[in-house]
Protein chains: 2
Amino acid sequence: MSGTPTLHAGAAPLAYGERMPTIADVAREAGVAPSTVSYVLSGKRTISAETRARVEAGIARLGYRPNAGARALASASTKIVGLVVPLRTDVNVPVIMQFVAAITVECRRHDYDVLLLTRDEGPEAVSRVVQGSMADAIIVMDVEADEPRLESLRGTGFPVVLIGVPDSPGEFACVDLDFAAAAQLCVERLAELGHTHISLLGATPAVYDRGTSYALRFRAGFEEASRSLGVSGSVHAVGAGHHEVESVVDRLLREEPEVTGLVVHNEAALSPLLQALRVCGHEVPGGMSVVALCPDDIAETQAVPLDAVSIPANDVGRRAVELAMSQLRGEAVEQELLPPHLTVRGSAVPPRRG
Amino acid sequence: MSGTPTLHAGAAPLAYGERMPTIADVAREAGVAPSTVSYVLSGKRTISAETRARVEAGIARLGYRPNAGARALASASTKIVGLVVPLRTDVNVPVIMQFVAAITVECRRHDYDVLLLTRDEGPEAVSRVVQGSMADAIIVMDVEADEPRLESLRGTGFPVVLIGVPDSPGEFACVDLDFAAAAQLCVERLAELGHTHISLLGATPAVYDRGTSYALRFRAGFEEASRSLGVSGSVHAVGAGHHEVESVVDRLLREEPEVTGLVVHNEAALSPLLQALRVCGHEVPGGMSVVALCPDDIAETQAVPLDAVSIPANDVGRRAVELAMSQLRGEAVEQELLPPHLTVRGSAVPPRRG
DNA sequence: GGAAGTTGTCGAAGCGCTTCGACTGTGACA
DNA sequence: TGTCACAGTCGAAGCGCTTCGACAACTTCC
């Protein structure tokens, strides 16, 4: 119907169900072929400034957005990253949230969206997403030493990034804080101040039982550092809840009165721990030195600001996404441990002469 | 090439990049038409038991999974729910995580996956997902009184469920705990015990400034209940961190010494609050009665187990998904406030005679 | 014993996009 | 002035699935 003037409602909010504008509509609107619109959008072929302007005007006028499914089908790329998150309401939920936030933000920067997968769904979720082509890459948090969710992906070359390091990472990209080095830093700090008896108060027993990668690596680093620095050390898992913490503290002070320094790897236990120590007459730092592994904001807002190795959730999350993107570009798989940093805030001092 | 025997590798893990089996492959394998395979999968037409068996065997042998993009394109349904989550590392992160977990699990029960959207992305994220047909429905957490993210959806009929209640929900489905009734329950509990001066220690100031729906409704309910029960009440926002909490407690005890009961709507403040009260000689419950609004596990693991109205994250999350599903079935939009329940654990007792 | 269902299957037409090859001008170069 | 290269555009062929209409082959029922 050339010659017939076309009326347009402008980019008025189109009612749902009302047919969304397609690339063909835009093409008609701009007087070009659909493929030309596609090339304007993707930039994969040169387009004259004039044509581009007309197409862009059409897009704006119609309020056009490419259909994600059609795009995925035609291009074999979904622009979606699958993220396997531990959703159990465990101890370190805020930390997990920081990771998720960092990953999501970074994905958006690369024009990717995030599909949420729970680790409780197990291996099934991963293969559903991969085999159904629902995502272009997968990031797995809270990796265990022996990682069952990934068996189906071994040898497939599908882009995977692990946050944490399993026993045999093999072909998978990994990124995480260097927890072993972090533990060493904590022990060193206390040892330098003159402490010779140091205990690790760790995560809940379940975390160790499950073989959670980072907890094991921190514990191993603690034991290794204690040995090499010649200090005596003990390790205690700490359950959730005020009374759990109190009972661990009671037992520790009773059975190992020589302990003057604590390394704490359990965000949730920090606050009740400080309180329990105070009640028992071992106020921090005078009666007990404490070095923690926790996010900065938690270390800062305790009753006593804590010397702590921070958990660089933002850096790790960002790096994880970058590793995924580099695999999508076909680059080689990397494994990367971020160096720890300890911030001194005053919760560790030389031990009382005894 | 009929007559040529076909060799199959079985459901061996197919290398990524190696062409995934399609519905046509399954059809060939089973000796039927592709549409027949589709009908076996969807159950939308009757299929003989024999044919079904052959098709299912083919699916198993090839390890076939329908391609999500193709399916979305052809059926105009993605089997994905968009979930807008507040990812700021705010106070009540564990609670948010509970909601997310409940929603995700319930979505999976309905064979839906969850696309994670951050509220920091604002309205853009919502329209990207809706207009790009990336999801069939959207659930929005952490709704504000004046909800800007949803303007683009008004009048479109796109399925939306809000967790929380904005000033003008209009056409949108809503579900949440009845925070006003919850506040009333807390005040009633203290009033029945004989308290006549009650303070609300609430969320961080930012939460109120932002107009967060649930915080405002709780505060309004508190004020209304205080008035109607004839008790005097005051309201204090409480910032994050130990020292913030201490300073609020100091000021409260100094400026309103008549207060004998506290209603606390701030999970993160609970532990430092109890500690601060003890330090000031107002041990709970003898020197100060406390009723909280928080998840059960938090109430239980405090130094003093708390009388608390629980936050039924699981129920709300599940209900939100159900409301989304019912909209997808074309049913009417509902708005629903869940009744609060108070569990007595001993942190509130009659005030000292004074 | 033919009309009128049922039941089970097939073929083909899309869904909205990307991408490949082909085609038309145009300017550069010899 | 003929030849090449290249910028700019188009048309058509899929991507893998769903779904509609058609159509055999059986049943049923008067």
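Lettering follows sequence order; numbering is per chain, from 1.
Considering CD1 of B/I138 and CZ of B/F158, their distance stands at 5.0 Å, rounded to 0.5 Å. Considering CG of A/L150 and OG1 of A/T156, their distance stands at 10.0 Å, rounded to 0.5 Å. Summarising the geometry, atom CD1 belonging to B/I103 is positioned 11.5 Å from atom CD belonging to B/Q98; distances are rounded to the nearest 0.5 Å.
Between A/L328 and A/P159, the shortest heavy-atom distance links the atoms CD2-CG, 3.8 Å.
If you check every strand for non-hydrogen atoms under 4.0 Å, A/T22 touches sugar and phosphate atoms only. A/S35 comes within 4.0 angstrom of a base, heavy atoms only. Backbone-only contact: B/S48 has heavy atoms under 4.0 Å from sugar-phosphate atoms and none from a base.
The residue among A/G31 and B/P66 whose nearest nucleotide of DNA chain D is located toward the 5' end is A/G31. Remark on DNA chain D: of its neighbouring residues B/L73 and B/Y39, the 5'-side contact belongs to B/L73, judged by nearest-heavy-atom nucleotide. Mapping A/I23 and A/R45 onto DNA chain C by nearest heavy atom places A/I23 closer to the 5' end of the strand.
A salt bridge links B/R119 to B/E144: one of the charged nitrogens lies within less than 4.0 Å of a carboxylate oxygen.
Interface limits on DNA chain C: the 5'-most and 3'-most nucleotides within less than 4.0 Å of chain B heavy atoms are C/dT7 to C/dG16.
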Does A/R319 form a salt bridge (Lys or Arg N to Asp or Glu O under 4.0 Å) with A/E106? I'd like the steps, not just the answer. CA-CA 9 Å; A/R319 204 66 197 106; A/E106 186 67 11; over 6 Å; no

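Non-hydrogen atoms lying under 4.0 Å from DNA chain C are contributed by nothing in residues 49-57 of chain A.
Screening residues 63-84 of chain B for salt bridge (Lys or Arg N to Asp or Glu O under 4.0 Å) gives A/E124-B/R65 as the qualifying pairs, with residues at least two apart or on separate chains.
For the 3.5 Å distance criterion, the side chains of A/S38 and A/S35 fail to qualify, holding no donor opposite an acceptor.
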